[in-house]
Structures are given as structure tokens and as C-alpha cells.
Amino acid sequence: MEPFATNLRRRAEQLGISNAEVARRAGLSDRRYGNYISGRREPDLSTLVRIANVLGASVDELVGMNLSEQVRTTEELFQERIMAAIKALRSDDLQRVAIMIEALASARGNAAA
């Protein structure tokens, strides 16, 4: 159970989100999620899948079944953080984010030219 708790904490840290935010996005109370990250309890399968989705990880990664440790670049970690945050947004927020990202990409393209 301890590797699972450690993996939950580590993955949230990689994404730059708090445990409370993971709990909120997964539809769990802080107390319930706290039991998981402290190693006192284990979630049922459907809860585990929701948590994995929020953290952008596979269930295997969270429970420690991933035998090969994947090394991620800084860019990949930023992209994962962005994708995890996007999953928590509503449609109107997503539209704003799309506009901002397109503006950044356009500015980057113009600077390279």
C-alpha cells in the first residue's frame, strides 16, 4: 500500500497540484483522499480510475506495476501539467485557453521567422 500512497503524492507534485485539488477533481472529500495518500486505505476500482484520470497516469503506474520507470523531460512534465489542468476546466474556460495557446504559438512562429 505504501508505494501507492507515495506514487499519488509524487504524481500530484509533478503536476504542480495539491492533494486537495486532486481530491476535488476526482470528486472525493479531502479526508477520503487523505486516507489514500497516507496509506491508511485503498480506493475501490472506480475511484482508482478517477484518480488516475485526474493525475494523467495509468492505474498500473499508481499501484507500482509499471516495471520500467519512464523518464520524462521537463517539457513533457509541463505538457502533462497542462493536460491535467485542462481536464478540470469548463467549456468557456477551455475556449479562453485555446485562444491563449494559439496566440502564444503564433507569436513563437512569428519570432522564428
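Here, residue 1 is the first one in the sequence, and each next residue gets the next number.
Using a 4.0 Å cut-off between a side-chain N of Lys or Arg and a carboxylate O of Asp or Glu, R24 and E21 qualify as a salt bridge.
Taking A12 as the reference, I17, N19, V22, L55 meet the side chain to side chain contact (heavy atoms under 4.5 Å, CB included) condition, with sequence neighbours excluded. In this view, R11 and Q14, E80 satisfy the side chain to side chain donor-acceptor pair (under 3.5 Å) rule, not counting sequence neighbours. Remark: E102 engages no residue in a side chain to side chain contact (heavy atoms under 4.5 Å, CB included) (not counting sequence neighbours). Among residues two or more places apart in sequence or in another chain, the side chain to side chain contact (heavy atoms under 4.5 Å, CB included) test is passed with R9 by E2, A5, T6, I37.
The nearest pair of heavy atoms linking S58 to A52 is C-CB, 4.2 Å. Listed here is the closest heavy atom pair of G34 and R40: O-NH2, 3.9 Å.
To the nearest 0.5 Å, atom CD of residue E13 and atom CG of residue L77 are 11.0 Å apart. Rounding to the nearest 0.5 Å places CG of L8 at 8.0 Å from CG of L48.
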All N/O donor-acceptor pairs, side-chain side in residues 93-101, below 3.5 Å, sequence neighbours left out:
from, atom 1, to, atom 2, distance (Å)
D93, OD1, R96, NH1, 3.3
R96, NH1, D92, O, 2.8

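Contacts classified as salt bridge (charged side-chain N to carboxylate O under 4.0 Å, His left out) and involving residues 27-37 (residues at least two apart or in different chains) are given here: R32-D44.
With a 4.5 Å cut-off on side-chain heavy atoms, P43 and F4 count as touching. Taking 4.5 Å as the limit, every side-chain heavy atom of E61 sits out of range of all side-chain heavy atoms of N7.
A single hydrophobic cluster is seen to contain both L45 and Y36, as judged by linkage of ILVMFWY side chains at heavy-atom distances under 4.5 Å, directly or through other members. Residues F78 and M83 do not share a hydrophobic cluster, clusters being chains of Ile/Leu/Val/Met/Phe/Trp/Tyr side chains in contact below 4.5 Å.
In terms of modelled atom types and a separation under 3.5 Å, the side chain of R25 and the main chain of K87 share no donor-acceptor contact.
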I'd like to know whether L28 forms a side chain to side chain contact (heavy atoms under 4.5 Å, CB included) with R50, so could you lay out the CA-CA distance, the side-chain angles of the two residues, the decisive distance to 0.1 Å, and finally the verdict.
CA-CA 10 Å; L28 303 170; R50 285 196 334 253; 3.1 Å; yes

